[in-house]
There are 2 protein chains.
Amino acid sequence: MRKPPQSNVTHAIVEQLGHAVVARSFGTKDSFPIEAELCKQFGVSRTVLREAVKMLTAKGLLRARPRQGTWVQEENHWNLLDPDVLRWLMERKFSLQLLAEFTEIRLAIEPMAAMIAATKATPASIAQIRNGIHRMKMAEQGDDDPLESDIAFHVAILHATGNRFYSQLEDVVDAALRISIAFTNRYKGVALADIKAHTKVLDHIEAGQPKRAHAAMTAIIEEVMELIGQARKKSPQ
Amino acid sequence: MRKPPQSNVTHAIVEQLGHAVVARSFGTKDSFPIEAELCKQFGVSRTVLREAVKMLTAKGLLRARPRQGTWVQEENHWNLLDPDVLRWLMERKFSLQLLAEFTEIRLAIEPMAAMIAATKATPASIAQIRNGIHRMKMAEQGDDDPLESDIAFHVAILHATGNRFYSQLEDVVDAALRISIAFTNRYKGVALADIKAHTKVLDHIEAGQPKRAHAAMTAIIEEVMELIGQARKKSPQ
DNA sequence: GCCGCGTAATTAATCATACAAATACAAACG
DNA sequence: CGTTTGTATTTGTATGATTAATTACGCGGC
């Protein structure tokens, strides 16, 4: 994604440990290595390791207590909506199941976002949405990236709500779209039909038609849901 | 909420610093104290302070770089959906604005959750929902807590989706409901009408009627939205 | 005066070590 | 047999020293 690289040692450890945790590389609860063990394993000082563990604790992945040691939290404690956790999950543990759950959330958020945008969007935020569509058109002719332009469109709508919590879900949408591409090239390339469907959403938002904007966005995402459903039938995991 | 107290010094600092950050107690960007300064201020060692800062960094509230120092991130970097951040915001910086934004998110999530639950709910998860309603009835007669029982109902529906991301939004709903109570006693006590409306949702879920479940839940939350709207007219912030 | 370049100063990052606190477990005691 | 007390283990906290990254500054060249 678009994060500054952060070339700290600590950060590197956080990444590795984070990946390992979501990938379930640590067997049973008590098989998680003790501090000293991990230090040796990664070749870093206790300070660095502890700070890394603290960061993962802050994201709900780990828990530590004196004398009991450190262990991986139950999955329902993970902050799934944390951008890092999201990314780790998607990089390490892709599954159609996960993608389906992602999309199910989008189905709640994005249509409602479009609906809200239809009543609250400013000229500036509408311009952002339009820019996304413009990029999709460019991408169709090979002059822009199809994935990035698609993301730009969807994210612009989240921001157009003027609601911080919707904006915050940018990363979920981002991850969901990237994951979509990862599993099937069917999504690759920008079809004219896609552009048409996306333009419809913009039109309704601009016209101040909440319900129609909602419906148009729902159509887009249900299309994705459909694709996933088909894929799962072929190779049910 | 229902978290183990965590009586560490580090955790205490995280709480204090977290509160201070969301309350905007640190003026301009460069007025954030340097490490040593904060250590003296809180009377803790650098170890503790650094680990606390790391945890807040993990939640997107702070950022630190050598020679530039530590500073508060722009608000759009905050992980608003992190349970801690959410709680700090709500404890320190209550506003009708914030509550409205909360509720706007609920308006997307919960009706869709009810919809999904109507097709996917298991006997066990339906029992959970029913238990929530049961508690509301008890609360009406003073035999249970009205707020907690209400929360139990809404959270049960999120879980009934079988979707981890919906489950994860438990804290948002939790916070929203608590905040609701905080600003008006209007919400206090359980009205018979409320119980009726909530029961309707359960009935539709049990009957496997997605659209009706969706509508019933929407009605409940729009009622809340209405209340907020009225309050904002009286004292527009 | 202006531009590039190395150098110094500042701040967080890392390391190493020591000691404190919490708690599970077992042994001792009633 | 239950209770208490001790002890070992693991994380928590403290401190000092060192390293690395980044910016600001001054120096020299033009």
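Predicted model only: the values in this text are computed from it and were never measured. The sequence lines fix the lettering, A, B, ..., with proteins before strands; numbering per chain opens at 1.
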*Asks:* Is B:R178 paired with B:E148 through a side-chain N to carboxylate O contact shorter than 4.0 Å?
*Replies:*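 Here B:E148 pairs with B:R178 in a salt bridge, since their nearest N and O are under 4.0 Å apart.
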
*Asks:* Can you find a donor-acceptor N/O pair under 3.5 angstrom joining the side chain of B:R46 to the base of C:dT14?
*Replies:*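 When only heavy-atom distances are counted, B:R46 does reach the base of C:dT14 through a donor-acceptor pair under 3.5 Å.
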
*Asks:* Rounded to whole angstroms, how far apart are CZ on A:R50 and C1' on D:dA14?
*Replies:*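 Atom CZ in A:R50 sits about 12 Å away from atom C1' in D:dA14.
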
*Asks:* Take the protein atom CD1 of B:I13 and the nucleotide atom P of D:dA14, then report the distance between them rounded to whole Å.
*Replies:*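 In whole Å, D:dA14 P and B:I13 CD1 are 9 Å from each other.
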
*Asks:* Please determine which of A:D144, A:D150, A:D145 meets the salt bridge (charged side-chain N to carboxylate O under 4.0 Å, His left out) test together with A:R135.
*Replies:*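 Of the listed options, the one satisfying the test is A:D144.
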
*Asks:* Are OP1 or OP2 of D:dT11 and a side-chain N or O of A:Q68 less than 4.0 angstrom apart?
*Replies:*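 Negative; the distance criterion is not met.
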
*Asks:* What does A:E51 touch in the nucleic acid at a heavy-atom separation under 4.0 angstrom: a base, only the sugar-phosphate, or nothing?
*Replies:*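 Touches nothing.
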
*Asks:* Please report the distance, rounded to the nearest Å, between CH2 in B:W71 and P in C:dA12.
*Replies:*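 Atom-to-atom, B:W71 to C:dA12, this comes out as 10 Å.
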
*Asks:* If only atom types and distance count, is the side chain of A:W78 paired as donor or acceptor with the main-chain N or O of A:Q73 below 3.5 Å?
*Replies:*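 Confirmed, A:W78 side chain pairs with A:Q73 backbone.
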
*Asks:* Take A:V9 and A:P66, find for each the nucleotide of DNA chain C with the closest heavy atom, and name the residue whose nucleotide sits nearer the 5' end.
*Replies:*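 Going by which nucleotide is closer to the 5' end, it is A:V9.
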
*Asks:* Whole angstrom is fine here: how far is it from CG in B:N8 over to C1' in D:dA14?
*Replies:*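 Those two atoms, CG and C1', are 15 Å apart.
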
*Asks:* In this structure, how many angstroms lie between the C1' atom of C:dA16 and the NZ atom of A:K40, rounded?
*Replies:*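 Checked: the NZ to C1' distance equals 16 Å.
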
*Asks:* Measuring to OP1 and OP2 of D:dA14, would you say a side-chain N or O of B:S45 lies under 4.0 angstrom away?
*Replies:*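 Checking B:S45 against D:dA14: at least one side-chain N or O falls below 4.0 Å of OP1 or OP2.
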
*Asks:* Roughly, in whole Å, what's the span from CZ in A:F32 to P in D:dT10?
*Replies:*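 Going from A:F32 (CZ) to D:dT10 (P), I get 14 Å.
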
*Asks:* Assess whether a salt bridge exists between B:R164 and A:E104, defined as any Lys/Arg side-chain N lying under 4.0 Å from an Asp/Glu carboxylate O.
*Replies:*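 Looking at B:R164 and A:E104, the cut-off is not met.
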
*Asks:* Below 4.0 angstrom from OP1 or OP2 of C:dT11, is there any side-chain N or O of B:T70?
*Replies:*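 For B:T70, the contact criterion (side-chain N or O under 4.0 Å from OP1 or OP2 of C:dT11) is not met.
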
*Asks:* Does any donor-acceptor pair link the side chain of A:R67 with the base of D:dG12 at a separation under 3.5 Å?
*Replies:*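 Result: no qualifying N/O pair found.
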
*Asks:* Do A:R24 and A:E75 sit within salt-bridge range, that is, some charged N less than 4.0 Å from a carboxylate O?
*Replies:*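 Yes, this pair counts.
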
*Asks:* Can you tell me the distance, in whole Å, between the NE2 atom of A:H11 and the C1' atom of C:dT14?
*Replies:*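 So the two atoms are 17 Å apart, to the nearest Å.
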
*Asks:* Could you check whether the side chain of A:R65 and the base of D:dG12 have a donor-acceptor pair of N or O atoms closer than 3.5 Å, going by distance alone?
*Replies:*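 Looking at the base of D:dG12, it does not pair with any donor or acceptor on the side chain of A:R65 (distance under 3.5 Å).
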
*Asks:* Without decimals, in angstroms, what is the distance between A:F42 CZ and C:dC15 P?
*Replies:*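 Those two atoms, CZ and P, are 13 Å apart.
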
*Asks:* Any side-chain N or O of A:T47 less than 4.0 Å from the OP1 or OP2 oxygen of C:dA13?
*Replies:*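 It does not, given that no N or O in the side chain of A:T47 lies less than 4.0 Å from OP1 or OP2 of C:dA13.
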
